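Every value quoted in this text rests on a predicted model; they were computed, and no experiment measured them. One is the number of the first residue; the rest follow in order along the sequence.
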Amino acid sequence: MIRISMRFALLLRDDYSGAPIADGGQLFLVNGRPARPIRKPEGFYVFLAPPGPVPDAESRWTVQIESPRHFPRTVHISAPQLDPHMPLCTVQMYRRPHTGFSDCAWLEAAAPPGTLAVALYGPDPPLALARFSPDGTGLYLQGYAAANLLWRRLCVGEGQDAELFTLTARRTDGGYGIDRSPAREHPAGTPVYLAACGPAGAGGRCSIPVRPGSGAPLTVRIYDEEAMRWRETSCAAGHS
């Protein structure tokens, strides 16, 4: 009997709304070779292993993702970093401008190629940090957010000490799970902002999806996602 097992699964999420991307049309390369994962209606893409033992070299994968309405992404996956019972990797996908999205307007910005332009907004009513959990896996807020924040990006702090987090789960004690531990100390009461992102292309231009009618953002900053740090360069932006 031939047994085919799952290598890993991807869940693609829209970086602006946090919603799963389940409309199909994506193309995948795994370690440079075309791959055809099984697509589930909920937005999961399941990549299967061929029959027989899997060589050690194939426990690490570079996955290139092409999507009709989102910018390409490349992710690096290592089997030891995945849960063996649920080898799932969530990928945040950035929207391509003017591809039929009706829930956002577009803010045009200039930024160095390969960086993110990040528009920061003070939600109404304002939010502030209450605390992080001792193990760094949870974030707790002061204030009430009318909008759903799951899988949205938040910026905690200001200046070079500010950090971006994605809220990955709602905890039973009222906090949120986050995608990584904080790298800096943030005292209670630190301002918390909503963040919307747009990647800069080779020409140094980018489009950031923003809430329609939101007016000018509090600020637009440039973020090096790979190094997880802010650039000192200022960013000029205007609505399209």
Side-chain angles (χ1 to χ4, degrees), residues 10-30 32 43 45 61-77 89-121 149-156 160 162-168 178-180 183 193-212 214 216-240:
L10 297 181
L11 177 58
L12 307 184
R13 287 191 178 273
D14 181 273
D15 187 72
Y16 174 74
S17 68
I21 301 170
D23 53 359
Q26 285 71 31
L27 298 176
F28 300 89
L29 293 177
V30 177
Y45 294 83
W61 307 281
T62 296
V63 184
Q64 296 166 266
I65 308 165
E66 295 278 348
S67 183
R69 303 175 71 197
H70 294 81
F71 283 101
R73 289 299 307 264
T74 297
V75 294
H76 303 283
I77 303 173
C89 178
T90 299
V91 182
Q92 301 288 100
M93 302 288 290
Y94 301 117
R95 291 183 175 186
R96 292 183 189 268
H98 314 301
T99 52
F101 291 104
S102 61
D103 61 342
C104 69
W106 295 95
L107 193 69
E108 304 297 328
T115 62
L116 281 179
V118 183
L120 301 179
Y121 291 83
L149 297 180
L150 278 182
W151 291 101
R152 295 291 303 276
R153 292 229 198 190
L154 295 185
C155 178
V156 178
Q160 289 301 108
E163 295 190 71
L164 288 177
F165 299 95
T166 300
L167 304 185
T168 60
I178 49 180
D179 60 332
R180 63 180 184 85
Y193 304 101
L194 298 177
C197 305
R205 300 295 303 177
C206 60
S207 298
I208 310 168
V210 295
R211 188 174 65 249
S214 57
L218 176 69
T219 187
V220 178
R221 301 185 63 187
I222 298 172
Y223 188 71
D224 187 327
E225 193 169 27
E226 186 172 340
M228 292 194 298
R229 64 180 178 84
W230 300 98
R231 293 283 190 97
E232 296 288 351
T233 313
S234 61
C235 187
H239 285 275
S240 61

Discussion item. Which heavy atom of C206 sits nearest to which heavy atom of A111, and what is that distance?
Written reply: SG-CB, 4.4 Å
Worksheet item: Do S67 and Q26 have side-chain atoms, one donor and one acceptor, less than 3.5 Å apart?
Response: yes
Discussion item. Tell me if a side-chain donor or acceptor on W151 pairs with a main-chain N or O of A19 at a distance below 3.5 Å.
Written reply: no
Worksheet item: Within a strict 4.5 Å, meaning less than it, do heavy atoms of the T115 and Y223 side chains meet?
Response: no
Practice prompt. Can you establish whether the number of heavy atoms outside E226 located under 6.0 Å from its atom CD is more than 12?
Written response: no
Practice prompt. Among V75, L29, V91, find the residue that satisfies the side chain to side chain contact (heavy atoms under 4.5 Å, CB included) test when tested with V63.
Written response: V75
Item to complete: Flag the pair H98 / W106 as yes when their ring centroid distance falls below 6.0 Å, and as no otherwise.
Response: yes
Worksheet item: Going through the distances and angles, do L194 and L149 end up as a side chain to side chain contact (heavy atoms under 4.5 Å, CB included)?
Response: CA-CA 9 Å; L194 298 177; L149 297 180; 3.8 Å; yes
Worksheet item: Do the side chains of W61 and H76 get nearer than 4.5 Å, heavy atoms only?
Response: no
Worksheet entry | Backbone of A183 reached by a side-chain donor or acceptor of E163 within 3.5 Å | yes
Worksheet item: Can you find a pair of side-chain heavy atoms, one from T166 and one from I178, that are under 4.5 Å apart?
Response: no
Item to complete: Measure across V220 and A117 and return the closest heavy-atom pair with its distance rounded to 0.1 Å.
Response: CG1-CB, 4.4 Å
Discussion item. Could you walk me through whether Y121 and C155 satisfy the side chain to side chain contact (heavy atoms under 4.5 Å, CB included) test, starting with their C-alpha distance in whole Å, then the side-chain angles of each, then the deciding distance to 0.1 Å, before giving a yes or no?
Written reply: CA-CA 9 Å; Y121 291 83; C155 178; over 6 Å; no
Practice prompt. Side-chain contact test, heavy atoms from C-beta onward, threshold under 4.5 Å: evaluate it for L116 versus I222 and give yes or no.
Written response: no
Worksheet item: Closest approach of R205 and A110, non-hydrogen atoms and distance?
Response: NH1-CB, 3.3 Å
Fill in: Heavy-atom check, side chain of Y94 versus side chain of I208, under 4.5 Å
no
Fill in: D14 and its salt bridge (Lys or Arg N to Asp or Glu O under 4.0 Å) partner, picked from R153, R69, R95
R95
Item to complete: For residues C104 and V210, determine if any side-chain heavy atom of one lies less than 4.5 Å from a side-chain heavy atom of the other.
Response: no
Worksheet item: Taking side chain as C-beta onward, heavy atoms only, is I65 less than 4.5 Å from T74?
Response: no
Response to the item:
The reported gap from CD1 in I21 to CD in Q92 (rounded to nearest 0.5 angstrom) is 8.5 Å
Worksheet item: Under the 3.5 angstrom rule, does the side chain of R152 hit a backbone N or O of Y16 as a donor-acceptor pair?
Response: yes
Discussion item. With heavy-atom distances below 4.5 Å as the criterion, would you say the side chains of L164 and L154 are in contact?
Written reply: no
Worksheet item: According to the interplanar angle, ranging from 0 to 90°, do the rings of Y45 and F28 count as parallel (below 30°), tilted (30 to 60°) or perpendicular (above 60°)?
Response: tilted
Worksheet item: Is the side chain of R73 donor-acceptor paired with the backbone N or O of M93 at a distance under 3.5 Å, no angle test?
Response: no
Worksheet item: Of the non-hydrogen atoms in A162 and R221, which two are nearest, and what is the gap between them?
Response: CB-NH1, 4.0 Å
Worksheet item: So V118 and W230, side chain to side chain contact (heavy atoms under 4.5 Å, CB included) or not? Walk me through it.
Response: CA-CA 10 Å; V118 183; W230 300 98; 4.1 Å; yes
